Amino acid sequence: MTQHNQSEVARLKAQIEAEIQAAQWALYGASLGAAQHQFITCRMERMGMLHEELKELVGEEEGIRLLVQVMDSNSAANKLQRK
């Protein structure tokens, strides 16, 4: 992988993580009713688009592996914060 691709992959992973965090904040924060659902849906759709970009850079299997890695690390961090 080229230096440019490594930077792009890192950028996409950071954006995916930000989308996950935003969706989780909306889910566990103050309830906003239908607006909350729409916000979370938008975050998940954006994460899907970022995942597609990631797959174009590194291939389907690696793209899935990286997405799971970001989601797992975010999930572990959230568990620590809730304790």
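In this text, all values refer to a predicted model and were calculated from it rather than measured experimentally.
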Q: Work out which heavy atom in Gly63 is nearest to a heavy atom in Val58; give both atom names and the distance.
A: N-CG2, 3.5 Å
Q | Residues that Ser7 engages under side-chain contact (heavy atoms from CB on, under 4.5 Å), provided they are two or more places apart | A | Gln3
Q.
Using every non-hydrogen atom in the two residues, find where Ala26 and Phe39 come nearest and quote the distance to one decimal.
A. CB-CD2, 3.4 Å
Q: With sequence neighbours left out, write down each residue that passes side-chain hydrogen bond (donor to acceptor under 3.5 Å, both in side chains) with Glu52, or none if nothing qualifies.
A: Lys55
Q. Looking at CG of Leu50 and CD of Gln15, how far apart are the two atoms once the value is rounded to the nearest 0.5 Å?
A. 5.0 Å
**Q.** Set of side-chain contact (heavy atoms from CB on, under 4.5 Å) partners for Gln69, sequence neighbours left out
**A.** Lys13, Arg65, Leu66
Q | For Met49, all residues meeting side-chain contact (heavy atoms from CB on, under 4.5 Å), sequence neighbours excluded | A | Arg46
Q | Among His37, Met44, Arg43, Gln38, the one residue meeting side chain to side chain contact (heavy atoms under 4.5 Å, CB included) with Thr41 | A | His37
Q.
Suppose we screen for salt bridge (Lys or Arg N to Asp or Glu O under 4.0 Å). Which residues come up paired with Glu53, at least two apart in sequence or across chains?
A. Arg11
Q) Closest approach of Ile20 and Asn74, non-hydrogen atoms and distance? A) CG2-OD1, 3.4 Å
Q | Members sharing Ile64's hydrophobic cluster (side chains within less than 4.5 Å) | A | Val68
Q: Using a 4.5 Å cut-off on heavy atoms from C-beta on, say whether the side chain of Ile16 contacts that of Leu54.
A: yes
